[in-house]
Amino acid sequence: MTGRKENFRDFRKLDNVGVVKFGNNNKCELKGYGKVTNGKFTVNRVAYVEGLKHNLISVLQLVVGTSNQVVFDEEGSIISNKETKEIFFQSKRKGDMFTLYMKPIVGIPYVCLLSKASSHLSWLWHRRLSHLNFKNLNTLVLNDLVQGLPILKFDKDLLCAACEQGKQHRLGHPTVIDSKIIEPLELLHVDLLSLSIRRSTY
């Protein structure tokens with residue numbers, strides 16, 4: 001949870017969500033939820049508590065439903081991806097607290113500062129958005145126009161077979177000018193239908 005509304009991306013204001021009770025029995029009302037990201041790492045469903053002076057992060061929220069893992073020791077903690085082993089953050093222990101330094105993206109991010117999306121993720125969103133080209137896909141990211149779209153830089157590493165086939169142009173049939181008909185009734189245009197022929201006997 002945080003008290004800085006300017007750090008949110010995709011913020012949703014909600015009424016009567018609940019309250020947060022502090023150690024001194026003071027209470028603050030939750031104003032809504034959003035996501036906070038630095039372009040490489042994203043924390044979803046972050047609560048906005050107006051007037052909160054310090055940012056607090058839930059370890060349970062980081063690991064449940066994600067591929068993240070958090071490891072603590074006497075010196076600090078490490079937040080990483082279990083599958084790729086990529087380390088997102090390393091925090092140092094200060095007394096009984098583990099301080100995490102994260103500089104979130106505020107306002108419109110620069111595409112050159114964003115992390116590059118994997119090839120699988122890039123083509124997944126290309127197909128989800130009806131084969132949208134990658135230039136417009138990055139525009140959606142920069143202007144925060146689609147909810148749920150990861151704040152990453154999408155690149156095209158190969159050609160899309162469906163897009164390539166859809167952009168192919170077909171030439172029409174040439175107009176026949178010369179005719180080889182030389183006798184009347186040599187060429188007939190008729191509708192095909194089944195005829196029942198009845199033979200008469202005399």
Side-chain angles (χ1 to χ4, degrees), residues 1-15 17-18 30-49 55-71 77-91 100-170:
M1 64 183 69
T2 181
R4 299 179 179 178
K5 192 175 181 180
E6 65 273 10
N7 291 343
F8 282 102
R9 304 276 302 179
D10 190 19
F11 176 73
R12 294 185 181 182
K13 184 179 179 181
L14 301 173
D15 297 326
V17 179
L30 296 176
K31 299 293 185 179
Y33 292 94
K35 64 181 178 182
V36 178
T37 183
N38 64 351
K40 183 179 180 181
F41 184 76
T42 301
V43 183
N44 295 306
R45 197 168 172 76
V46 179
Y48 172 56
V49 181
N55 301 324
L56 303 175
I57 190 168
S58 169
V59 177
L60 186 66
Q61 187 176 352
L62 288 179
V63 297
V64 173
T66 67
S67 58
N68 301 329
Q69 66 177 0
V70 183
V71 179
S77 66
I78 297 177
I79 303 175
S80 61
N81 188 297
K82 289 186 294 186
E83 300 174 355
T84 63
K85 306 300 181 183
E86 180 183 5
I87 296 177
F88 299 121
F89 292 103
Q90 288 181 310
S91 64
L100 183 67
Y101 292 99
M102 176 180 175
K103 186 177 181 181
I105 294 176
V106 179
I108 299 177
Y110 294 100
V111 68
C112 60
L113 300 179
L114 297 180
S115 298
K116 184 178 179 180
S118 64
S119 177
H120 170 74
L121 193 62
S122 296
W123 290 109
L124 175 65
W125 281 101
H126 172 71
R127 293 190 300 270
R128 281 179 175 176
L129 298 177
S130 302
H131 291 265
L132 182 67
N133 65 69
F134 285 82
K135 180 180 179 181
N136 291 338
L137 191 58
N138 286 318
T139 301
L140 296 179
V141 174
L142 296 178
N143 296 319
D144 199 17
L145 299 176
V146 177
Q147 294 181 356
L149 186 64
I151 304 180
L152 298 169
K153 181 182 178 182
F154 297 99
D155 286 331
K156 179 174 65 175
D157 54 353
L158 48 88
L159 293 177
C160 176
C163 293
E164 190 175 10
Q165 185 177 2
K167 293 177 181 178
Q168 289 179 348
H169 297 280
R170 296 182 180 180

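Counting from 1, the numbers follow the sequence of the chain as shown.
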A.B. asks: Find the distance between CD1 (Ile57) and CE (Met1) and round it off to the nearest 0.5 Å.
C.D. replies: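 Here the rounded value is 11.0 Å.
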A.B. asks: With Ser91, which residues qualify under side-chain hydrogen bond (donor to acceptor under 3.5 Å, both in side chains), at least two apart?
C.D. replies: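 By the side-chain hydrogen bond (donor to acceptor under 3.5 Å, both in side chains) rule, Ser91 matches Ser77.
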A.B. asks: Mind checking what makes side-chain hydrogen bond (donor to acceptor under 3.5 Å, both in side chains) contact with Trp123, not counting sequence neighbours?
C.D. replies: Asp157
A.B. asks: Between Phe154 and Leu121, which heavy-atom pair has the shortest distance, and what is it?
C.D. replies: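 Reported closest heavy-atom pair: CE2-O, 4.1 Å.
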A.B. asks: So how far is it from Leu62 CG to Gln69 CD, rounded to the nearest 0.5 Å?
C.D. replies: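 Answer rounded to 0.5 Å: 12.0 Å.
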A.B. asks: Could you go through the side-chain contact (heavy atoms from CB on, under 4.5 Å) check for Val63 and Val70 one step at a time?
C.D. replies: CA-CA 7 Å; Val63 297; Val70 183; 3.9 Å; yes
A.B. asks: List in chain and number order the residues that pass side-chain hydrogen bond (donor to acceptor under 3.5 Å, both in side chains) with Asp155, two or more places apart in sequence or in another chain; answer none if no residue qualifies.
C.D. replies: none
A.B. asks: Please list, chain by chain and in numerical order, all residues satisfying ring pair (Phe, Tyr, Trp, His ring centres under 6.0 Å) with Phe88, sequence neighbours excluded.
C.D. replies: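 Testing Phe88 for ring pair (Phe, Tyr, Trp, His ring centres under 6.0 Å), a comparison that skips the adjacent residues, returns Phe41.
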A.B. asks: Please list, chain by chain and in numerical order, all residues satisfying side-chain hydrogen bond (donor to acceptor under 3.5 Å, both in side chains) with Gln61, sequence neighbours excluded.
C.D. replies: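 Gln61 satisfies side-chain hydrogen bond (donor to acceptor under 3.5 Å, both in side chains) with no residue once adjacent residues are dropped.
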A.B. asks: Tell me the salt bridge (charged side-chain N to carboxylate O under 4.0 Å, His left out) pairs involving residues 78-91, sequence neighbours left out?
C.D. replies: Lys40-Glu86
A.B. asks: Which heavy-atom pair separates Ser122 from Leu137 by the least distance, and what is that distance?
C.D. replies: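 Looking at all heavy atoms of both residues, the closest pair is O-CD2, 4.4 Å.
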A.B. asks: The test is side-chain contact (heavy atoms from CB on, under 4.5 Å); show your working for Thr2 and Val49 and say whether it passes.
C.D. replies: CA-CA 6 Å; Thr2 181; Val49 181; over 6 Å; no
A.B. asks: State, yes or no, whether a side-chain contact exists between Asn55 and Val36 at a heavy-atom distance under 4.5 Å.
C.D. replies: no
A.B. asks: Hey, what do you get for CD1 (Ile87) to CG (Asn81), rounding to the nearest 0.5 Å?
C.D. replies: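 Reported value, rounded in 0.5 Å steps: 11.0 Å.
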A.B. asks: Minimum heavy-atom separation for Gly3 to Tyr48, with atom names?
C.D. replies: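 Looking at all heavy atoms of both residues, the closest pair is O-CE1, 3.5 Å.
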A.B. asks: Should the ring pair His126 and Phe134 be called parallel, tilted or perpendicular, given that the plane angle runs from 0 to 90° and is split at 30 and 60?
C.D. replies: parallel
A.B. asks: Roughly how far apart are Asn136 CG and Leu129 CG, rounded to 0.5 Å?
C.D. replies: 10.5 Å
